[in-house]
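To start, the structure under review is shown below, and the notes come after it.
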There are 2 protein chains.
Amino acid sequence: MKGKPTSFDIAYQAGVSQSTVSRALRGSPLVSAETRKRIQAIAKQLNYKVDKNASNLRRQHSVTLALLLFEDATSDAALVNPFFLSMLGSITRACAREGYDLLISFQQLSDDWHADFQDSHKADGLILLGYGDFEVARHKLEKLVEQGTQFVYWGAVEPGQPGISVGCDNVQGGRAVTEHLLSLGRRRIAFVGDASPHCPEFFDRYRGHCEALRAAGVPVVPALQVEAMDSSEKLGHAAVRMLQERGQKFDAVFAASDLLAIGAMRALEESGLRVPEDVAVVGFDDIPVAAFASPPLTTVQQDTRAAGEVLVQRLLQLIRGEPSESTMLPARVIVRRSCGQPGDTDATRMAQLRRAS
Amino acid sequence: MKGKPTSFDIAYQAGVSQSTVSRALRGSPLVSAETRKRIQAIAKQLNYKVDKNASNLRRQHSVTLALLLFEDATSDAALVNPFFLSMLGSITRACAREGYDLLISFQQLSDDWHADFQDSHKADGLILLGYGDFEVARHKLEKLVEQGTQFVYWGAVEPGQPGISVGCDNVQGGRAVTEHLLSLGRRRIAFVGDASPHCPEFFDRYRGHCEALRAAGVPVVPALQVEAMDSSEKLGHAAVRMLQERGQKFDAVFAASDLLAIGAMRALEESGLRVPEDVAVVGFDDIPVAAFASPPLTTVQQDTRAAGEVLVQRLLQLIRGEPSESTMLPARVIVRRSCGQPGDTDATRMAQLRRAS
DNA sequence: CTGAAAGCGCTTACAG
DNA sequence: CTGAAAGCGCTTACAG
């Protein structure tokens, strides 16, 4: 046998036409069971695999999805957002289950958003993770819609957004974790995270936060909110310093992400403040290290497993021309020690590790 | 414009033949600069992208690599080994730089090892991460070699192994971290991890460990070695219990992976033993949570960034028919508090976080 | 149920 | 430097 066998080789051995081989292997009902069986046996024996490129070319689709992870050009080249990473598993598996292959690519925020993948027929649709400044991203997303690109993205879920998005219920998450802080007696809660349309997810978390405060009759103090557009330990650290420079007193910090929260805790520690005794700290995301922070971080868990599933489902609906819609997933407060209430540390830590590994 | 433009559309607009369009866009020197320029401009204006499937079919290769992550069938479906995950970034980037696309797929250890990707022309070569029991994997790897599959894998680097592997210098890493423990006065060091050809990487770490002991004139006590074939917190926990049941005294634990080490620390804690005062603990891998463990875990860092680069380079050499060879990367001890020597916690923690995010 | 034939959109010898 | 033509390996109307 020279080179890879083709459907003609199978046909020859089976004594049928190449068309019949193709039909049999694609599961067409137009082939008799007996013929199909014979063909399959020979294909298996010859280790024949349908040539994807030929099949794709002919059928005009690739049965492949592309996962585009956007990252800041300024950040170190080896970084991958741990939150997105945790979605990777479920996305991959959902694709596999649906018979789709998954291309993965890291993109610079500044680049053209590669409709390239679809234009070149490398992928039938795109999953976008991480868009940076949403006001900038919005235009790019709108262009994608215009071009007829099939895509879904993880982010805020709000009316008027371009395309289909999947995200967690940030308002509810922000509300729930703030209520928890309030129930522990905290009243001056700082919020670390941008509260503007540039960061709709952080903004929604802030909205939920404010809702909870108002419902409890606690005043919303603008000076207790500090901008942080990105999610990093450094920005969280800087935010606490900023609050202190403002001379604001606070007994809790709600950081819009775990990375911000961890940086905030470090800054507090350095100022001689104890977490949670002096200042309670909560984050958002429940990234793997959250359970290992000192103290272990109370946070809001987004269901990354469901997230991956839903992203793939929505994208496939788009590709198949079925009705599809943006979807919000529930958020869940995970209580650990950083908020001042001894949580079930051991159990959550085990669960975390399991998710991490 | 109906549907995606083809090279014929470009040719028509440029007033040249389709062949010339193809040549111009592929950068053939057979096209005049002026013609090329005109064609490129029109292609750009029409948002033309070469159809990958057609191009691949014609050229008989896919300019795509497949990353296969193997996992235990028994483990929860959402798990991804954090160590492999940390390699993903550099693999992706190395592929992008070389102009290759990257398919990613999770495979069950028990499945056929999908030469499928290559047979179907989905990918030109494979990168395998995680093989489980190497004695079992060896046969599969040998079969891949027989079939002429182009692949590289992460693992031990030893003579007589099938195919091309890339791994860290486990012997050196095991030696170095043991020397460190010895330098801190520890003498009865337990080793948690399988020391057999089933786990060549763990075995090499054990070898390095024994070398260091012998060089220091410290006896190697077989009863201080506990099997753990896999890397999980649970097995690390069980290993410490086993040591205690054996009635062995030990003042340090060298776990063959961070996950094992973290489980071991928890078991020690539960027995009322203090880490590092009573028992020093060190791990291997330097996964993101290692810096956040309590106490922060001393471990051996594998250079995941270089790992990804080298894996891709070696695979491309194979694909291009160039000489290639298995490669060993250096390992580096990261000192944190779990070994009893106050490490530069803050600096390493920051570095860790940066790698984690 | 099966076969002959067209065609998916390129790339690349071949001829000029 | 350019064009006409073959062909990569399939899938799928079309005809039987």
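In what follows, chains are A, B, ... by sequence order, proteins preceding strands, each numbered from 1.
- Listed nucleotides D:dG9, C:dC10, C:dC1 differ in distance to B:L57; the shortest reach to its side chain belongs to D:dG9.
- Which of D:dT2, C:dG9, C:dC10 sits closest to the side chain of B:Y48 comes down to C:dC10.
- Residues B:L318 and B:F151 approach most closely at CD2-O, 3.3 Å, considering heavy atoms.
- Among the duplex regions that DNA chain D forms, those built from at least three successive Watson-Crick or G-U pairs under 3.5 Å are C:1-3 with D:14-16, C:5-12 with D:5-12, C:14-16 with D:1-3, ordered by first number.
- Between A:R97 and A:E309, at least one side-chain nitrogen of the basic residue sits less than 4.0 Å from a carboxylate oxygen of the acidic one, meeting the salt-bridge criterion.
- Computed from coordinates, the B:Y12 OH to C:dG9 P distance equals 18 Å when rounded to whole Å.
- For the pair B:R38 CZ and D:dT2 P, the interatomic distance rounds to 8 Å; values are reported in whole Å.
- As a whole-Å value, the separation of B:K52 NZ from D:dC8 C1' is 15 Å.
- Distance A:Q60 CD to C:dC10 P: 10 Å, rounded to the nearest Å.
- The CG atom of B:L25 sits 15 Å away from the C1' atom of C:dT12 (whole-angstrom rounding).
- Residue A:S17 places none of its side-chain N or O atoms closer than 4.0 Å to OP1 or OP2 of C:dT2.
- Among C:dT11, D:dA4, D:dC1, the nucleotide with an atom closest to any side-chain atom of B:V50 is C:dT11.
- Distance noted for atom P between D:dA13 and D:dG9: 23 Å (whole Å).
- Salt-bridge check for A:D101 with A:K52: passed, with a basic side-chain N closer than 4.0 Å to an acidic carboxylate O.
- Of the candidate nucleotides C:dA4, C:dC10, C:dC1, C:dC10 has the atom lying nearest to any side-chain atom of B:S55.
- Among the protein residues, A:S22 comes within range of the nucleic acid bases, having at least one heavy atom under 4.0 Å from a base atom.
- The shortest non-hydrogen separation linking B:S90 to B:G308 is OG-CA, 3.3 Å.
- Where A:R36 and A:H121 meet DNA chain C, the nucleotide closest to each residue was compared, and A:R36 sits on the side nearer the 5' end.
- Looking at heavy-atom distances under 4.0 Å, A:S19 makes contact with a base.
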Practice prompt. Carefully, step by step, assess B:E201 and B:Y131 under the rule side chain to side chain donor-acceptor pair (under 3.5 Å).
Written response: CA-CA 11 Å; B:E201 293 177 86; B:Y131 44 67; 3.1 Å; yes
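- For B:T35 and D:dT2, the shortest distance from a side-chain N or O to OP1 or OP2 is below 4.0 Å.
- For the OP1/OP2 pair of C:dC10 and a distance below 4.0 Å, the side-chain nitrogens and oxygens of B:R23 include no atom meeting the criterion.
- The existence of a salt bridge linking B:R320 and B:E98 is confirmed by a sub-4.0 Å separation between a basic side-chain nitrogen and an acidic carboxylate oxygen.
- Each of B:R36, B:K37, B:R38 was scored for a salt bridge (Lys or Arg N to Asp or Glu O under 4.0 Å) with B:E34, with one residue passing: B:R38.
- Nearest-nucleotide mapping onto DNA chain D: of A:T20 and A:A54, the residue sitting toward the 5' end is A:A54.
- The CG atom of B:D9 sits 11 Å away from the C1' atom of C:dG9 (whole-angstrom rounding).
- No contact: A:S28 has no heavy atom under 4.0 Å from any strand.
- Protein atom CD of B:Q18 is 8 Å distant from nucleotide atom C1' of C:dT11, rounded to whole Å.
- Defined by atom type and a distance below 3.5 Å, a donor-acceptor pair is present between the side-chain atoms of A:S62 and A:D124.
- Nucleotides D:dC10 and D:dC14 have their P atoms positioned 23 Å apart, rounded to a whole Å.
- Formation of a donor-acceptor pair under 3.5 Å by the A:T304 side chain with backbone atoms of A:A307 is not found in this model.
- Looking at A:R58, its side chain has no donor and acceptor atom pair within 3.5 Å of the base of C:dG9.
- Nucleotide C:dC8 holds its P atom 22 Å from the CZ atom of B:R59, rounded to whole Å.
- Look at B:S32 and you'll find a side-chain N or O under 4.0 angstrom from OP1 or OP2 of D:dT2.
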